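Every chain is numbered from 1, with letters handed out A, B, ... down the list of sequences. Because the structure is predicted, anything quoted here is derived from the model rather than measured.
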Amino acid sequence: MAKLTKRSENYSQWYNELVVMADLAEQSAVRGCMVIKPYGYSIWEKMHEILDRMFKETGHTNAYFPLFIPKSFFSREADHVEGFAKECAVVTHYRLRTNADKTAVEVDPEAKLEEELIVRPTSETIIWNTYRNWVKSYRDLPILVNQWANVVRWEMRTRLFLRTAEFLWQEGHTAHATKEEAMEEADKMVHVYADFVENYLGVPVVIGRKTENERFAGADETFCIEALMQDGKALQAGTSHFLAQNFAKAFDVTFLNKENKPEYVWATSWGVSTRLMGALIMAHSDDNGLVLPPHLAPIQVVIVPIYKNDEQFAMISERVKDLCAKLKAAGISYKYDDRDTQRPGFKFAEWEMKGVPVRLAIGPNDYENSTWEVARRDTLTKESVSDANIVEHIKTLLEDIQKNIYKKAYDFRAAHTYKVDTWEEFKRVIEETPGFISAHWDGTTETEEKIKELTKATIRCIPLDAEEEEGVCVYSGKPSKRRVLFAKAY
RNA sequence: CGGGGUGUAGCGCAGUCCGGUUAGCGCACCUGCUUUGGGAGCAGGGGGUCGCCAGUUCGAAUCUGGCCACCCCGACCA
């Protein structure tokens, strides 16, 4: 296996190589679309499984809506079309035929669709069109539905996990009788995301509101969680939208309230995608490869045997089998790497590349002494641990690693978050020491766009916990009541 | 969609300028032996419509024309 490019040499190249070398994903034959490989998919499955549980604990159920959306649905909500029109894949025909000399297939011009179908870039329209029939009375509300699906956005430039033409995600779409309830739902879900990303991915996030300019197309309010990557760029890790009555009005979804008066339904939508994989990778990994937080690692412990002959291998395997039974009982996921086609050094490097949190090695010496060599991925340190309390040790160690990974990311973010009060300093920080910039802003889209044009930094969010504080806009000098968070973003 | 670049074995490349043996190298792969506590060594071996189509020529990976695909940088974006 080749060597990974160092982060300090070329961060972007490091990321691209890591994704491939850790066996997470690869480019497919289709432009902009990736193949998620089994190891990468097993991490996504963990995310799916945990999030799904959290959604259900907060009262949601899963459903499934069509991949295709009639073109006309898109014209219903003006802002929504505006936001997605430029990146839609369109189905125009439904049949192929072999060409004249039978050497290839071509689109059958006879088989043109009456109305083109759009491959969903998001499902608000098809779902709200459906909800019209589901909602008649206040008794039908709320609707708390989530969908796990793939969506397509025809991006100009793509990168594995961070931005692909097709990606996997979940999208929650809820319907409520009152504005307050919908707002509460949007707020609740952004906190569910924050909880998930911080406690499982081990990535600290800032919870905030988007500026009007950065809002989801069709939303009256967009909440988000923003994370900081190791190169000082921000990554939006999840969003939750308060859609007001925009889609209800566009699709004529009304209900009769207790006073027998018709009212439009209030909506939210919220989603996270396979982009979280990108966040996970970029937040923790190092020059040796992926670093996975134990709460999300498909394999928490890998065991590598070291032996010179079949007899030793058989002996050691017995000891490993005993341990595996104990690990299983303790609810720890493990893999015994008993391949005799690879040597130990190769396996060490490979499992490091794949980010397995804990590696055990056992050779004739350990067998003799009833010990295990325990190596942790996050710190790359090794120690010898007695067989007598190995399971307890691993249990504690996994929790330690989870905490340590989070702390490392938290400290990194703290060290790369700057309170800035002058324009000169703003420009210098963006150029020289990228990270989050906490600064005053006059609240206008004009200033926001000017700053973006000059520095490429955008307002990531207005943090929910931003304190009231009199100040002046870092660019325009006009008065401001609170600081917002700027950064260059993915 | 603008600018730049690249297509030669699974991957990474040399060869192309200046046409001429059987198209070569590294990694990966296969076989054997020795190895195995941090990415093994030696020996042998397999694998190619040189992106596609046409043209020039005795002869094209190499020259000419057309086409296609992909990558990188911008604008757009979860």
Side-chain angles (χ1 to χ4, degrees), chain A residues 1-4 10 12-13 16-17 20-21 26-33 82-88 103-104 120-122 149-171 193 210 213-217 219 222 224-227 234-241 269-279 288-289 304-310 312-313 316 337-353 359-369 371-373 375 380 382 384 452-453 456 458 460 489-490:
Chain A
M1 211 183 286
K3 263 263 187 201
L4 185 63
N10 185 338
S12 173
Q13 191 178 336
N16 291 337
E17 288 179 8
V20 172
M21 288 169 71
E26 62 189 28
Q27 296 287 356
S28 73
V30 184
R31 191 204 77 98
C33 296
E82 178 79 15
F84 288 101
K86 283 177 286 183
E87 50 187 34
C88 286
T103 54
R120 63 182 166 216
T122 180
N150 58 339
V151 288
V152 169
R153 296 182 188 175
W154 213 264
E155 300 290 350
M156 291 301 172
R157 294 194 53 219
T158 59
R159 286 186 80 188
L160 294 175
F161 290 120
L162 293 175
R163 187 175 303 109
T164 47
E166 180 193 14
F167 56 93
L168 305 183
W169 78 345
Q170 58 69 216
E171 44 181 331
Y193 288 153
K210 284 293 186 192
N213 190 40
E214 296 271 337
R215 255 178 225 153
F216 176 76
T222 288
C224 64
I225 50 174
E226 293 285 331
L235 185 86
Q236 179 175 305
T239 49
S240 179
H241 315 291
S269 70
W270 29 273
V272 296
S273 72
T274 36
R275 185 180 231 203
L276 282 177
M277 295 285 291
N288 294 308
V304 176
I306 297 160
Y307 53 91
K308 293 200 194 317
N309 52 51
D310 288 354
Q312 280 183 359
F313 178 59
I316 286 167
D337 187 354
D338 60 354
R339 288 175 295 176
D340 63 355
T341 52
Q342 310 293 351
R343 295 160 71 262
F346 180 93
K347 292 178 184 176
F348 293 167
E350 181 174 88
W351 292 114
E352 254 158 40
M353 183 64 76
R359 182 186 74 231
L360 302 184
I362 174 169
N365 299 341
D366 297 293
Y367 186 87
E368 209 50 45
N369 304 331
T371 56
W372 300 85
E373 182 194 86
L380 295 167
K382 291 191 272 200
S384 185
K452 183 179 180 183
E453 182 193 321
K456 288 182 183 163
T458 51
R460 301 321 303 155
Y490 274 95

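Contacts of A:T371 classified as side chain to side chain contact (heavy atoms under 4.5 Å, CB included), with partners at least two apart in sequence or in another chain: A:D366, A:N369, A:S384. Considering only residues two or more places apart in sequence or on other chains, A:E155 meets the salt bridge (Lys or Arg N to Asp or Glu O under 4.0 Å) condition with none of them. Applying the salt bridge (Lys or Arg N to Asp or Glu O under 4.0 Å) criterion to A:R339, with sequence neighbours excluded, gives A:D337, A:E350. Qualifying salt bridge (Lys or Arg N to Asp or Glu O under 4.0 Å) partners for A:E453, counting only residues two or more places apart in sequence or in other chains: A:K450. Remark: A:R460 pairs with A:E226 by the salt bridge (Lys or Arg N to Asp or Glu O under 4.0 Å) rule, at least two apart or across chains. Every ring-ring contact (aromatic ring centres under 6.0 Å, His included) that A:W169 has, sequence neighbours left out, goes to A:F167. Taking A:Q13 as the reference, A:T5, A:N10, A:E17 meet the side-chain hydrogen bond (donor to acceptor under 3.5 Å, both in side chains) condition, with sequence neighbours excluded.
At a threshold of 4.0 angstrom between heavy atoms, the contacts of A:R359 include nucleobase atoms, whether or not backbone atoms are also involved. Contacts of A:L276 with the nucleic acid, taken as non-hydrogen atoms under 4.0 Å apart, are absent. When heavy atoms are screened at a 4.0 angstrom cut-off, A:S273 is found touching base atoms of the nucleic acid. Within the nucleic acid shown, A:E155 comes within 4.0 Å of at least one base atom, counting heavy atoms only. Across all strands shown, A:Q342 has no heavy atoms under 4.0 Å from either base or sugar-phosphate atoms. Among the atoms of the strands shown, none is found under 4.0 Å from any heavy atom of A:K86.
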N/O contacts under 3.5 Å, protein versus nucleotides 40-45 of chain B?
{"unit_1": "B:rA40", "atom_1": "OP2", "unit_2": "A:R343", "atom_2": "NH1", "d": "2.1"}
{"unit_1": "B:rA40", "atom_1": "O4'", "unit_2": "A:R343", "atom_2": "NH1", "d": "3.1"}

N/O contacts under 3.5 Å, protein versus nucleotides 1-11 of chain B?
none

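With hydrogens and angles left out, the side chain of A:K382 and the base of B:rG38 share a donor-acceptor pair within 3.5 Å. Judged by atom type and distance alone, A:E350 does not reach the base of B:rG39 through any side-chain donor-acceptor pair under 3.5 Å.
Under the 3.5 Å distance criterion, with hydrogens and angles disregarded, no donor-acceptor pair is assigned to the side chains of A:E352 and A:N288.
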